[in-house]
S.K.: 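Dropping the structure in here first, questions after.
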Amino acid sequence: QVQLVESGGGLVQPGGSLRLSCAASGFIFSINAMGWYRQAPGKQREFVATITSLGVTNYADSVKGRFTISRDNAKNTVYLQMNSLKPEDTAVYYCKILQSPYWGQGTQVTVSS
């Protein structure tokens with residue numbers, strides 16, 4: 001069955017960096033667009049970044065220039081490199097197969113001093 005397993009979250013100080021990973025299985029990863037979304041406490045889930053099967057990327061304005069989405073089709077993994085982290089980036093981060101109902105379980109990112 002389809003599985004998306006996120007990892008790499010944690011506690012980091014403002015200005016720090018984290019790299020999230022999403023390991024995918026159970027479907028043909030290389031032909032699917034993938035995305036990262038996040039949900040902060042008391043807020044709706046929001047778009048962060050997407051990457052097409054050809055590697056074309058798109059970012060929310062709030063993370064543009066700080067976050068980078070990438071994929072490794074040989075490893076069936078999509079990444080989110082997060083730099084210059086801010087307290088407002090604190091959220092649970094989710095991986096998703098675009099145009100599908102499939103989500104990962106999420107990984108917590110907390111940015112705090």
Side-chain angles (χ1 to χ4, degrees):
Q1 73 274 24
V2 173
Q3 282 195 313
L4 300 170
V5 180
E6 299 98 334
S7 62
L11 173 64
V12 63
Q13 291 187 342
S17 298
L18 282 175
R19 187 175 83 152
L20 306 183
S21 299
C22 172
S25 61
F27 65 102
I28 304 174
F29 178 79
S30 62
I31 65 172
N32 279 274
M34 302 293 297
W36 285 97
Y37 293 74
R38 66 187 181 185
Q39 187 165 16
K43 295 187 176 181
Q44 289 192 333
R45 196 169 296 188
E46 65 176 8
F47 154 75
V48 175
T50 58
I51 185 167
T52 71
S53 59
L54 297 178
V56 178
T57 58
N58 188 33
Y59 298 92
D61 287 344
S62 59
V63 307
K64 206 169 290 185
R66 300 188 298 122
F67 290 11
T68 302
I69 188 171
S70 62
R71 65 190 297 159
D72 185 336
N73 289 339
K75 296 182 178 179
N76 284 2
T77 301
V78 60
Y79 303 98
L80 186 68
Q81 176 68 42
M82 306 186 295
N83 299 327
S84 302
L85 282 160
K86 305 175 181 180
E88 51 264 43
D89 295 317
T90 295
V92 177
Y93 283 71
Y94 297 91
C95 173
K96 186 186 190 306
I97 307 170
L98 298 192
Q99 299 179 325
S100 89
Y102 298 107
W103 295 85
Q105 83 289 351
T107 185
Q108 176 70 47
V109 172
T110 303
V111 185
S112 174
S113 54

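Just so it is clear, the structure is predicted and the values come from calculations on it, not from any experiment.
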S.K.: Under a 4.0 Å threshold between the charged nitrogen and the carboxylate oxygen, would K64 count as salt-bridged to D61?
M.R.: yes
S.K.: Looking at every non-hydrogen atom in both residues, tell me the closest pair between P14 and S112 and how far apart they are.
M.R.: CD-C, 3.6 Å
S.K.: Could you tell me the separation between the CD atom of Q99 and the CG atom of N32, rounded to the nearest 0.5 Å?
M.R.: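 Interatomic distance, Q99 CD to N32 CG, rounded to 0.5 Å: 9.0 Å.
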S.K.: Rounded to the nearest 0.5 Å, how far does OG1 of T50 lie from CG of N58?
M.R.: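 Answer rounded to 0.5 Å: 4.5 Å.
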S.K.: Do you know which two heavy atoms are closest between A60 and F47, and how far apart they sit?
M.R.: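 Nearest heavy atoms, A60 then F47: N-CE2, 3.3 Å.
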S.K.: Enter the distance from S30:OG to L54:CG here, rounded to the nearest 0.5 Å.
M.R.: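 Rounded to the nearest 0.5 Å, the OG-CG separation comes to 10.5 Å.
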S.K.: Looking at T52, is its backbone amide N or carbonyl O close enough to the side chain of R71 to form a donor-acceptor pair, meaning the two atoms are under 3.5 Å apart?
M.R.: yes
S.K.: List, by chain and number, the other hydrophobic cluster members for W36, where Ile, Leu, Val, Met, Phe, Trp and Tyr join if side-chain heavy atoms come within less than 4.5 Å, directly or indirectly.
M.R.: V2, L4, V12, L18, L20, F27, F29, M34, V48, I51, Y59, V63, F67, I69, V78, L80, M82, L85, Y93, I97, Y102, V109, V111
S.K.: For the CZ atom of R45 and the CZ atom of R38, what is their distance to the nearest 0.5 Å?
M.R.: 13.0 Å
S.K.: A quick test of your reading: do over 12 heavy atoms of other residues, nucleotides or ligands sit less than 6.0 Å from CD of E88?
M.R.: yes
S.K.: Search all heavy atoms of K96 against all heavy atoms of P101 and return the closest pair with its distance.
M.R.: NZ-N, 4.5 Å
S.K.: Please round to the nearest 0.5 Å and tell me the distance separating atom CG of N73 and atom OG of S53.
M.R.: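 Interatomic distance, N73 CG to S53 OG, rounded to 0.5 Å: 8.5 Å.
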S.K.: Within this structure, what is the CG-CD distance for the pair L11 and Q108, rounded to the nearest 0.5 Å?
M.R.: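 Nearest 0.5 Å value for the CG-CD distance: 9.5 Å.
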S.K.: So, does E6 use its side chain to make a donor-acceptor pair with the main chain of C95 at under 3.5 Å?
M.R.: yes
